[in-house]
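Positions are given from 1 along the sequence. Here the structure is a predicted model, which means the values were calculated and not measured. Reckoned from all heavy atoms, side chains included, excluding hydrogens, waters and symmetry mates.
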Amino acid sequence: MPHGESWFSFLPFYESFAHWLSVVFGPSYLEHNPHLSAQYVLAYALVVLLLILVALMVHRRLRNPEDHLLPEGKVSFYGFIETIVGATYKMSSDLMGAKPARYFLPLIGTCALVIFFSNVLGLIPGFLPPTSNLSTTFAMAIVIFFATHVYGIKEHGVVKYVGHLFGPPVPWWIAWFIRPLVFLIELISHFVRPITLAVRLMANMTADHMVLAIFVGLFAAMGMVLLPVPVVFYIMGCLVVTVQTLVFCLLSVIYIALAIQHEEEH
C-alpha cells in the first residue's frame with residue numbers, strides 16, 4: 001500500500017472522518033500527509049476495542065476463579081494476557097515493593113497492554129502502529145508524568161516533595177549555590193522525561209515498521225514471498241515490539257518509585 005494508507009482507507013466513512021479531524025483539530029506536524037492523523041486514530045481505536053473485548057473475556061473467567069485455579073495445560077490467549085500482566089506486576093514489585101506494585105498495576109498494566117498490542121498491529125501488513133505517532137506516545141508519557149508527581153506529592157506532601165528536588169543537605173557556605181543548581185537540573189530532568197519516553201517509543205516503532213515494510217515489499221515485488229528471508233525481519237520486529245513495551249513500562253515504574261519512596265529507602 002502507498003505510504004500513509006492502510007486497510008482503514010477502505011472504510012466508507014474514512015474520507016469524511018479524516019476531513020472532520022483536520023477541521024476540528026487543525027493542522028499538525030503530519031500536515032504533509034493529513035490522512036495520517038486519521039490512520040493513527042482509527043488504529044488506536046481498534047486497539048482499545050480489542051482490549052475492551054479482552055477485559056470482558058477476562059472478567060467472565062474471573063467470575064468463577066475456583067474453576068481456573070489450575071493452568072489450562074495449553075497455549076491460550078487468556079494465558080498470554082495473564083503472562084503479560086504477571087510479568088508487569090513482578091517487574092513493578094521488584095522495583096517498588098509488592099503493595100505499591102498492586103496499587104499501580106492498573107496504570108502500568110494498561111500501558112503494557114496498549115503499547116504491546118499497538119506495536120503488534122504494525123507487524124500486520126496493511127496496518128500502521130499507533131505508537132509510531134508522536135501524539136499517541138506523548139499522550140501516554142504525559143499520563144505517567146502527572147501520575148509521578150501527583151502520587152509523589154500525595155505520599156510526601158508538597159513541601160517535602162519539592163524539597164527533594166533541591167538535593168541532599170550540604171554545608172551552608174555552598175548551599176546558596178549548589179541547591180538552586182541541583183533544583184534547576186532536577187526540574188529540567190523531570191520535564192525531559194515524558195519527551196524522552198514519547199520520542200524513544202515513537203522513533204523505534206517508526207523505524208521498525210519502515211524496515212519491515214521495505215523488505216517485505218521488496219521481496220513481494222520480486223515475487224519471492226515464499227522465501228524465509230522476510231521471516232527474519234518479522235522475528236526482529238517481534239523483538240523490538242517486546243523490548244519497547246518493556247522499556248516504556250520499566251522507566252515508568254522507576255519514575256514513580258523514585259517519587260513515592262522515602263528518604264531511608266534512597
Side-chain angles (χ1 to χ4, degrees), residues 40 42-125 127-132 136-137 139-141 143-144 147-148 151 197-198 200-202 204-205 208-209 212 231 234-261:
Y40 291 125
L42 291 171
Y44 196 80
L46 178 62
V47 172
V48 171
L49 178 61
L50 173 63
L51 291 179
I52 291 174
L53 296 177
V54 169
L56 293 175
M57 179 193 74
V58 173
H59 175 71
R60 183 178 179 181
R61 289 177 62 94
L62 293 180
R63 283 189 300 181
N64 300 307
E66 60 277 0
D67 297 335
H68 304 285
L69 291 177
L70 297 177
E72 296 181 351
K74 60 180 180 180
V75 178
S76 65
F77 186 72
Y78 175 80
F80 179 68
I81 297 298
E82 188 178 27
T83 300
I84 294 178
V85 176
T88 303
Y89 172 75
K90 186 179 186 307
M91 177 191 68
S92 303
S93 180
D94 291 341
L95 292 172
M96 62 171 59
K99 185 177 179 180
R102 285 193 299 269
Y103 185 83
F104 289 104
L105 182 60
L107 174 62
I108 305 302
T110 299
C111 287
L113 290 172
V114 169
I115 293 173
F116 181 80
F117 282 99
S118 296
N119 293 350
V120 168
L121 189 63
L123 298 178
I124 304 174
F127 284 104
L128 296 173
T131 43
S132 63
T136 303
T137 58
M140 292 187 288
V143 171
I144 298 299
T148 299
Y151 285 101
L197 274 178
R200 180 187 296 108
L201 179 57
M202 182 273 297
N204 281 282
M205 293 314 304
D208 176 68
H209 181 71
L212 183 62
V231 176
Y234 266 98
I235 294 175
M236 293 176 59
C238 291
L239 180 63
V240 172
V241 162
T242 306
V243 169
Q244 292 308 312
T245 303
L246 174 63
V247 169
F248 189 98
C249 294
L250 178 63
L251 291 176
S252 299
V253 171
I254 291 174
Y255 295 154
I256 295 174
L258 290 174
I260 65 174
Q261 70 181 5

>> With side-chain contact (heavy atoms from CB on, under 4.5 Å) as the criterion, how do Ile256 and Leu95 come out once you've worked through the C-alpha distance, each side chain's angles and the decisive distance to 0.1 Å?
In response: CA-CA 10 Å; Ile256 295 174; Leu95 292 172; over 6 Å; no
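- Annotation: side-chain contact (heavy atoms from CB on, under 4.5 Å) contacts of Asn119 (sequence neighbours excluded): Ile115, Thr131, Leu201, Met205, Val241, Gln244, Thr245.
- For residues 42-54, there are no salt bridge (charged side-chain N to carboxylate O under 4.0 Å, His left out) pairs, not counting sequence neighbours.
- For residues 84-103, the ring pair (Phe, Tyr, Trp, His ring centres under 6.0 Å) pairs, not counting sequence neighbours, are Tyr103-Tyr151.
- Under the side-chain contact (heavy atoms from CB on, under 4.5 Å) criterion, Leu49 pairs with no residue at all, not counting sequence neighbours.
- Judged as a salt bridge (charged side-chain N to carboxylate O under 4.0 Å, His left out), the pairs with a partner in residues 93-114 (not counting sequence neighbours) are, in order, Lys90-Asp94.
- Contact check for Ser132 versus His209: no side-chain heavy atoms found under the 4.5 Å cut-off.
- Listed by chain and residue number, Arg200, Val243, Leu251 satisfy the side-chain contact (heavy atoms from CB on, under 4.5 Å) test with Val247 (two or more places apart in sequence, or in another chain).
- Thr148 places none of its side-chain heavy atoms less than 4.5 Å from the side chain of Leu258.
- Under the side-chain contact (heavy atoms from CB on, under 4.5 Å) criterion, Ala43 pairs with Phe8, Leu121, Pro130, not counting sequence neighbours.
- Pairing each heavy atom of Gly237 with each of Asp208, the nearest pair is CA-OD1, 3.3 Å.
- Applying the salt bridge (charged side-chain N to carboxylate O under 4.0 Å, His left out) definition to pairs two or more places apart or across chains, none involves residues 241-259.
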